[in-house]
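Beneath this line is the structure, given in structure tokens, with notes to follow.
Keep in mind that the numbers below use all heavy atoms, side chains included, and drop hydrogens, waters and symmetry copies.
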Amino acid sequence: MISGLLAAGSILGGAGAAAADDGVQHQGGAVATLDGLKTYDKAELHADGKTQQIPAGLFEMTVDGGGRLKTYCIDIHNPTQDQAKYLETPWSQTSLGDNDDAGKILWILQNSYPQVDDLAALAQKAGTGPLTEKTAAAGTQVAIWRFSDDADVTAVDAQAEALADWLEKEAKDVKEPKASLSLEPGAVSGKPGERLGPVTVSTDAGQVAVTSPADAAASGVKVTDEAGKPVTSAVNGSKLYFDVPAEAADGSATLTVQATTSVPVGRAFAGVTKSQTQILAGSSQSTVSAQATATWAKTGPIPALSAEKNCAEGGVDITASNKGDEPFEFELMGVKHSIAAGDSRTVTVPVAEDQAYDFTITGPAGFSKTFKGVLDCETAGTPEPGPETPSSQPSPATAGGGSGTPQDGDNLAETGSSSATPVIAGIAIVLVLVGGGAVFFLRRKKAVAGE
């Protein structure tokens, strides 16, 4: 009999369950809060025979732990949310992953404001005439929108429009920058008495600090190198291991790596909630971090579980590997899966575009992991005429879904709809251990009011 199922999205498990994190799905890097559109001028969006005036320019974000970011929008028709939380994200998990012009956007960022802050030199090179910070930002944003959203958009200021035209014409394909900091894989497993891993560090920082699991002193678990030597710092390419004592009780632990570095220009930033996707134009020295989890048990299946967005397949990939001595069996969306000892498998859970999801997964020894996010893999494209067509004026959307008409001086203007971002019921998956195997339960959350 299966018992202990709580509300979708909540923590499962009895005494001794590992403390769950906030569940926000993140593969490492910077986490930041949107402060608003700070340096901008006007542009005009032409669609369906109509012209809509919108602000165009640089947003600013505050990094958790310290630091500032400047970003441009790559999702013209979607709104921003006031004080939205953003995560550094691979291109493949945003609309850039399916955009053949993504590399040209990066070239624009590298060759325009604010990376090029000598505006006189930029104006001379582009043949635009005098540029200000506002018009340089507007022209850069307009050029980006032409590639990110295939938008028919022009800058109101003549010099800004000339800059946009020059950037669009000159843009060349540039390779995606690597993450400021990530760990691969994000989850490992094995038996006590082993070193579990490796977990490989990928970073552009010179050195990162390594923090052992919070309960390391009590459990005896250490973070080491391949030779078993405890480590407190690492560099790009370092391989880290969880050294688990043979007498350790079945359980799990998490290590953290952190650094202060300049986040690479061109990194995408996706909202934790539905808020227009951004791309990095500039970074101060900022705090970046990443985590990896280890699970161990003496006998039976020993799964390591991780998840990441799969824009190509329109869903979320749940990867389960089994380092135990018995098969790891589960059922997902009516399909049964069995992972032999020493094997691994990835299952894609379909999630609709713009849909929020909330997966809580539990395993042996009280292991519990929550994955939350929004599948935002596409730009909205040109809105169809009708009641859902954006209003003629952009307006800020709050996290609570409010909207309003912008006033002079507003700095968090949308570049899209004035209606509240719809709240879409997510899917919750609960993985509960049953005997020697496990079962996935797929349940709908309760519908929101008005759905």
Query - S262: side-chain hydrogen bond (donor to acceptor under 3.5 Å, both in side chains) partners, not counting sequence neighbours - result: none
**Report entry** Sequence-distant partners of E168, salt bridge (Lys or Arg N to Asp or Glu O under 4.0 Å), two or more places apart
**Finding:** R146
Query raised in the report: Under the salt bridge (Lys or Arg N to Asp or Glu O under 4.0 Å) test, which residues partner K85, sequence neighbours left out?
Result: D64
Requested in this report: Apply side-chain hydrogen bond (donor to acceptor under 3.5 Å, both in side chains) to D317 and list each qualifying residue two or more places apart in sequence or on a separate chain.
Outcome: N310, T348
**Report entry** Set of side-chain contact (heavy atoms from CB on, under 4.5 Å) partners for P264, sequence neighbours left out
**Finding:** P177, S180, D204, R267
**Report entry** Contacts of E170 that satisfy side-chain contact (heavy atoms from CB on, under 4.5 Å) - sequence neighbours left out
**Finding:** W107, W166, K172
Report summary line: residues 102-116 vs salt bridge (Lys or Arg N to Asp or Glu O under 4.0 Å), sequence neighbours excluded, gives D101-K104
Query - Residues in side-chain contact (heavy atoms from CB on, under 4.5 Å) contact with L375, at least two apart in sequence or another chain - result: K309, V351, C377
Query raised in the report: What pairs with E133 under salt bridge (Lys or Arg N to Asp or Glu O under 4.0 Å), at least two apart in sequence or on another chain?
Result: none
Query raised in the report: With sequence neighbours excluded, what pairs up with K70 under the side-chain hydrogen bond (donor to acceptor under 3.5 Å, both in side chains) test?
Result: none
Query raised in the report: Of all residues at least two apart in sequence or in a different chain, which pass the side-chain contact (heavy atoms from CB on, under 4.5 Å) check with V235?
Result: S238
Report task. Applying side-chain hydrogen bond (donor to acceptor under 3.5 Å, both in side chains), name anything that partners T254, two or more places apart in sequence or on another chain. Result -> T293
